[in-house]
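Structure record follows, encoded as structure tokens.
The figures here come from the full heavy-atom set of this structure, side chains too, leaving out hydrogens, waters and symmetry mates. Throughout, protein chains are lettered first and strands after them, A, B, ... in sequence-line order, and every chain is numbered starting at 1.
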Amino acid sequence: MNVHARPSKLLKGATGDWEVVVGMEIHAQVVSQAKLFSGASAAFGAPPNAHVSLVDAAMPGMLPVINEECVRQAIRSGLGLKARINLRSVFDRKNYFYPDLPQGYQISQYKSPIVGEGEVVVQLESGEVVRVGIERLHLEQDAGKSVHDQHPSMSYVDLNRSGVALMEIVSKPDLRSSDEAKAFVAKVRSILRYLGTCDGNMEEGSLRADVNVSVRRPGEDLGTRCEIKNVNSIRFIGQAIDYEARRQIEVIEDGGTIDQETRLFDPGRGETRSMRSKEEAHDYRYFPDPDLLPLEFTQAYVDELAAQLPELPDEKKARFVSVFGLSDYDADVLVAERGIADYYEAVATGRDPKLAANWVINDLFGRLNKEGKDVASAPIGPSQLGTIIDLITEGTISGKMAKDLFEIVWAEGGDPRTVAEDHGMKQVTDVGAIERVVAEIVAANPDKAEQAKSNPKLVGWFVGQVMKASGGKANPQAVNELLKSKLGM
Amino acid sequence: MSVDAATVRRIARLARIAVADDEIEHLAGELNNILAFVEQLSEVDVASVEAMTSVTPMAIRMRADVVTDGGIPGAVTQNAPVREDHYFVVPKVVE
């Protein structure tokens, strides 16, 4: 456990500093065709109870048979989290009563999970690097869905999600701020998406988190924690932690104590509130599921999966830094999404990698964000952006023209080289031609030319005139140099 | 290990079984008899015996990731006391 307080993260209370301690349980839906223990489809969005087998509906006599792909996906995820893979794990029954849980228990893993301790390295926007311990990852079944707004006195139950495979990823209480927690979830999501083990779609609930929050005086033992259930966006996770930490500090500073309880985050009000307290504490009465043998596989099986893993964000980032000479921060931004990293790499290969990074991060991202698009649906592909950059490096167009060209290609498409020609975008690098324009302008403005000798700022005015006379096509650098020599500076 | 009246009430509640007050004492006696019978197992020394998970030594069977089932919402909901549009309909449960 990380016991060192990070002073910059402390919260000011009325009576001194407080440290917030956060641990997370991330529920990530496994990417698979069929469910964890049945042959029904795991796809999202189907008519009620259409993706339900008699196993998922817990009809008498039905027996679970594990889906091998879900096992592979859990192992891959564990490897991506740099975690220990347990060659033997056990499925247990977690017993509780709810209408969308027809078995009366969830098949989960309790004492012996498939994946043990690991570590995720998180880079914050400040550049600070935080190492977050992973406690475990286990496989479990999702529950069905209850719909409460269809009828005044009845609830409607749809079991399509019932039995879909989830990975529960539990962090150690190593997080010390809402920013760290947000960055951690984003990083885990990024790793799972690279691996293709979870699609990370938070709107559809493929990835959601339970957040454990407590506060303490720096250096003291852990305080009593509250668990905020089922937060389904990274932004809400941050808001929930900020609100909950403040609430706990106020309670304690007012002489109260924190009750260990489950709370809900209300995004509309930006606050957490206590779930109506259960009549009695949960008693899940875990025991090994007698329908399932222990899950066992060999180290060779794990090694084979490890050998086939794709390059993950951390390795890709290290490569971008060493091969392309990018800054840590730029590399981190570019590797967050595999699609963006692939796009960037296609643009950067064979070109100036830093120029490519600037175009992808500033121009492409800026435009994508403005229109709410993702990189896969960008109207400018990597080869088009590459050509625009080529035109700059060849000296065919200026940086300013390139920005205009980018806008035109974004809106109209086409080969940037042809588009540039069609729009007469070609900077004049012919020194003789520029020289003639410079001579004309200087000759036409003898007073200003005289003044420029004592007031060098006037060169800027001359540059503007020359650019105007050349229709913006003169190479600005060449203009600048020729003017300086012409004006005798 | 022995079971008292409060434990019987709690187990009944967890199992969602209605137990009348006048049944509690009787049930506590029955449960204690069962526990006492099972308690005999603790007389056996199993310190050196590996836990048995299967009568025959075999590995867990796995299934290929193929959709082979579902598409039977009518059959799935057929036995439900109340159903509508292939939903199970139950008394309102809101947390």
With no hydrogens and no angle check, do the side chains of [X] and [Y] hold a donor and an acceptor under 3.5 Å apart?
{"X": "B/Thr77", "Y": "B/Arg83", "result": "no"}
{"X": "A/Thr197", "Y": "A/Gln73", "result": "no"}
{"X": "A/Ser38", "Y": "A/Asp56", "result": "yes"}
{"X": "A/Gln103", "Y": "A/Arg93", "result": "no"}

For [X], is it the side chain, the backbone, both, or neither that has a heavy atom closer than 4.5 Å to a heavy atom of chain B?
{"X": "A/Arg285", "result": "side chain"}
{"X": "A/Val71", "result": "side chain"}
{"X": "A/Ser153", "result": "backbone"}
{"X": "A/Glu68", "result": "both"}

Quick one: which of [options] has the most heavy-atom pairs under 4.5 Å with chain B, could you say?
{"options": "A/Ala46, A/Ala57, A/Pro99", "answer": "A/Pro99"}
{"options": "A/Ala50, A/Gly144, A/Gly104", "answer": "A/Ala50"}
{"options": "A/Phe97, A/Tyr96, A/Phe297", "answer": "A/Phe97"}
{"options": "A/Met154, A/Glu69, A/Glu296, A/Gln33", "answer": "A/Met154"}
{"options": "A/Pro152, A/Ala40, A/Ala42", "answer": "A/Ala40"}

- If you tally heavy-atom pairs under 4.5 Å against chain A, which of B/Val82, B/Ile60, B/Asp85 wins?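 Option with the top pair count is B/Ile60.
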- Query: Looking at B/Lys92, B/Arg61, B/Arg63, B/Met62, which has the largest count of heavy-atom pairs under 4.5 Å with chain A?
  - Reply: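 The answer is B/Arg63.
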- Worked verdict on A/Phe37 versus A/Phe91 for ring pair (Phe, Tyr, Trp, His ring centres under 6.0 Å): CA-CA 12 Å; A/Phe37 295 115; A/Phe91 285 100; 5.4 Å; yes
- Message: Is B/Val89 close to chain A through its backbone or its side chain, or both, or neither, when contacts mean heavy atoms under 4.5 Å?
- Response: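 The answer is both parts of B/Val89.
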- Before accepting this row, confirm whether a basic side-chain N of the pair A/Lys111/A/Asp92 lies closer than 4.0 Å to the acidic partner's carboxylate O.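 Answer for the salt bridge query: no.
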- Query: Does the distance from a Lys or Arg side-chain N to an Asp or Glu carboxylate O, for A/Lys35 and A/Asp142, drop under 4.0 Å?
  - Reply: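 Salt bridge absent between A/Lys35 and A/Asp142.
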- Once you round to the nearest 0.5 Å, how far does CD of B/Glu84 lie from CD of A/Gln150?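 It is 8.0 Å, given to the nearest 0.5 Å.
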